[in-house]
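The block underneath contains the structure these notes are about, expressed in structure tokens.
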There are 2 protein chains.
Amino acid sequence: MIQSRMVPWDHLTIMKRKVSNSKVLNVALKLFSSKGYSETKMVDIARDAGLSVGSLYLRFKNKEELCLDIIKDQTKDYFQRAEDLAKKADTDALKTLEDYISFSFDCSMKKQQMLHIFYREYRLPFIQPMRSHFFKTQQKLIESILKKGIKSKSIRPLNTKDAAISIFASIRGTIMIKLIYGVGSPSVLSKSLFDLICHGVRKGKP
Amino acid sequence: MIQSRMVPWDHLTIMKRKVSNSKVLNVALKLFSSKGYSETKMVDIARDAGLSVGSLYLRFKNKEELCLDIIKDQTKDYFQRAEDLAKKADTDALKTLEDYISFSFDCSMKKQQMLHIFYREYRLPFIQPMRSHFFKTQQKLIESILKKGIKSKSIRPLNTKDAAISIFASIRGTIMIKLIYGVGSPSVLSKSLFDLICHGVRKGKP
DNA sequence: CTTTAAAATGAACGATGGTTCATATGAATC
DNA sequence: GATTCATATGAACCATCGTTCATTTTAAAG
């Protein structure tokens with residue numbers, strides 16, 4: 001019981017706080033994703049979480065930091081999982097590419113609330129660094145899969161850098177379309193995108 | 001000279017107004033695209049255009065309508081040009097697809113200021129109808145190119161609806177990446193995307 | 001029961017910015 | 001010069017939040 005006085009961190013606190021921090025983050029995520037960042041008011045978050053505005057400011061420095069905390073919370077294990085997945089490209093690059101695309105879709109669907117924050121108001125300045133980091137790592141990751149595929153001859157020789165950008169853009173574009181317009185099922189979109197990226201539309205051999 | 005009293009429309013008014021409407025639209029476009037819709041204040045637009053706030057409200061009902069007027073102004077002949085282009089698919093579907101992609105890139109680069117409005121704050125409710133219309137028409141257009149290509153055997157048989165969505169998403173995704181991160185030259189991106197869509201990454205015949 | 005301090009409260013503050021309106025300007029007409 | 005009316009002005013109005021802070025509540029410790 002001493003701990004509840006000494007450590008303020010959420011997961012160690014034993015029922016001193018009425019409402020847990022993760023509850024607040026979830027509520028805020030829901031609001032940001034449904035109404036947008038600037039349309040979501042601090043009072044809304046407080047009300048929905050069952051707290052007062054004042055309490056919010058005891059836990060988060062301000063609105064921006066609250067938003068950043070959400071994003072950190074939502075992305076914490078994505079990068080490692082993507083990295084692990086890419087390692088398999090030594091064995092079968094095309095299969096790895098397929099897995100990566102389907103993994104991207106899965107994650108995006110699970111985290112679509114968070115993605116709404118990214119796609120809306122896409123230049124909220126404090127989000128830019130995270131977006132940039134995501135782009136760079138994923139582009140390099142796709143490039144590494146392509147290189148391995150070319151080496152093992154399952155992928156035709158091509159400019160890996162340009163192709164990686166195109167593939168990354170295609171994946172993110174499709175996810176964006178899905179999120180904005182709600183068309184198509186994720187699995188069909190994912191499958192049909194891989195089919196396109198893998199074979200192209202042209203008839204006959206390349 | 002009588003006209004200047006009788007018709008308030010911009011292009012017919014002979015120097016009664018200090019500042020033309022199209023000047024205002026251009027100034028506002030510049031501000032919206034560089035700072036974002038909600039970060040752009042009506043006073044900013046007024047100042048940069050060399051007008052008072054009051055005058056702005058004599059010309060545009062409110063901020064939203066001003067923004068819509070900009071978009072209408074910027075997109076007025078896009079749709080017809082895209083339609084005309086697609087007609088050529090009877091002759092050579094692959095070439096038409098290539099042209100469509102490069103046309104999309106060209107337009108997007110010329111109108112990138114306007115696109116910033118679309119990609120930022122992407123759910124400004126009053127913009128949704130326009131976005132939706134764009135998606136539907138372009139998807140149908142791509143689908144029609146694919147169908148013609150399949151008929152004339154330059155394109156392999158595939159689910160044209162799914163493929164059209166993937167292709168549309170890839171194009172828009174690539175343009176978005178270009179606008180957000182500024183990576184790559186438009187012509188290289190366009191070329192490399194067509195290469196991907198046309199051939200895919202796989203080695204050997206499909 | 002008293003003390004203590006973390007946690008919670010919400011009214012009040014202050015800055016912001018879209019919109020309005022009473023007033024002014026100026027060019028055309030008589 | 002007087003009249004008229006489109007155009008222009010910008011201070012003022014009003015609503016909207018993000019943020020703060022003096023005060024209260026809660027519950028563990030003594």
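Because the structure is a prediction, the values reported are computed rather than measured. A, B, ... follow the sequence lines: proteins, then strands. Residue 1 opens every chain.
An OP1 or OP2 oxygen of D:dT7 is reached within less than 4.0 angstrom by no side-chain nitrogen or oxygen of B:R59. Applying the 4.0 Å criterion to OP1 and OP2 of D:dT7, one finds that B:S55 has every side-chain N and O outside that range.
If you measure from atom CG of A:L56 to atom P of C:dT9, you get 10 Å, rounded to the nearest angstrom. Across the protein-nucleic acid pair, B:L58 atom CG and C:dA22 atom C1' stand 13 Å apart, rounded to whole Å. Rounded to a whole Å, the CZ atom of A:F60 is 13 Å from the P atom of C:dA7. Taking atom CG of A:L66 as the reference point, atom P of D:dT19 lies 10 Å away to the nearest angstrom. The interatomic distance linking A:R17 (CZ) with C:dA8 (P) rounds to 6 Å, in whole Å.
Residue pairs meeting the salt bridge (charged side-chain N to carboxylate O under 4.0 Å, His left out) criterion with at least one member in residues 191-200 of chain B, sequence neighbours excluded, are A:R156-B:D195. For residues 45-56 of chain A, every residue pair satisfying the salt bridge (charged side-chain N to carboxylate O under 4.0 Å, His left out) rule, not counting sequence neighbours, is listed here: A:D44-A:R47. Counting only residues at least two apart or in different chains, ring-ring contact (aromatic ring centres under 6.0 Å, His included) contacts with residues 70-96 of chain A comprise A:Y78-A:F103, A:Y78-A:F134, A:F79-A:H133.
Residues passing the side chain to side chain donor-acceptor pair (under 3.5 Å) test with A:S166, sequence neighbours excluded: B:S192. Residues forming a side chain to side chain donor-acceptor pair (under 3.5 Å) with A:T75 (at least two apart in sequence, or on another chain): none. Considering only residues two or more places apart in sequence or on other chains, B:Y100 meets the side chain to side chain donor-acceptor pair (under 3.5 Å) condition with B:Q138. By the side chain to side chain donor-acceptor pair (under 3.5 Å) test, A:N159 pairs with A:D162, sequence neighbours left out.
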Restricting to nitrogen or oxygen on both sides, can you table the protein-nucleotides 16-20 of chain C pairs closer than 3.5 Å?
from: C:dG17; atom 1: OP1; to: B:K41; atom 2: NZ; distance (Å): 2.6
from: C:dG18; atom 1: OP1; to: B:T40; atom 2: O; distance (Å): 3.4
from: C:dG18; atom 1: OP1; to: B:K63; atom 2: NZ; distance (Å): 3.1
from: C:dG18; atom 1: OP2; to: B:M42; atom 2: N; distance (Å): 2.7
from: C:dT19; atom 1: OP2; to: B:Y57; atom 2: OH; distance (Å): 2.5
from: C:dT19; atom 1: OP2; to: B:K63; atom 2: N; distance (Å): 3.2
from: C:dT19; atom 1: O5'; to: B:Y57; atom 2: OH; distance (Å): 3.3

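Residues A:R131 and B:Y181 are in side-chain contact: their nearest non-hydrogen atoms beyond the backbone lie under 4.5 Å apart.
Near DNA chain C, meaning a heavy atom under 4.0 Å away, there are no residues from residues 44-52 of chain B.
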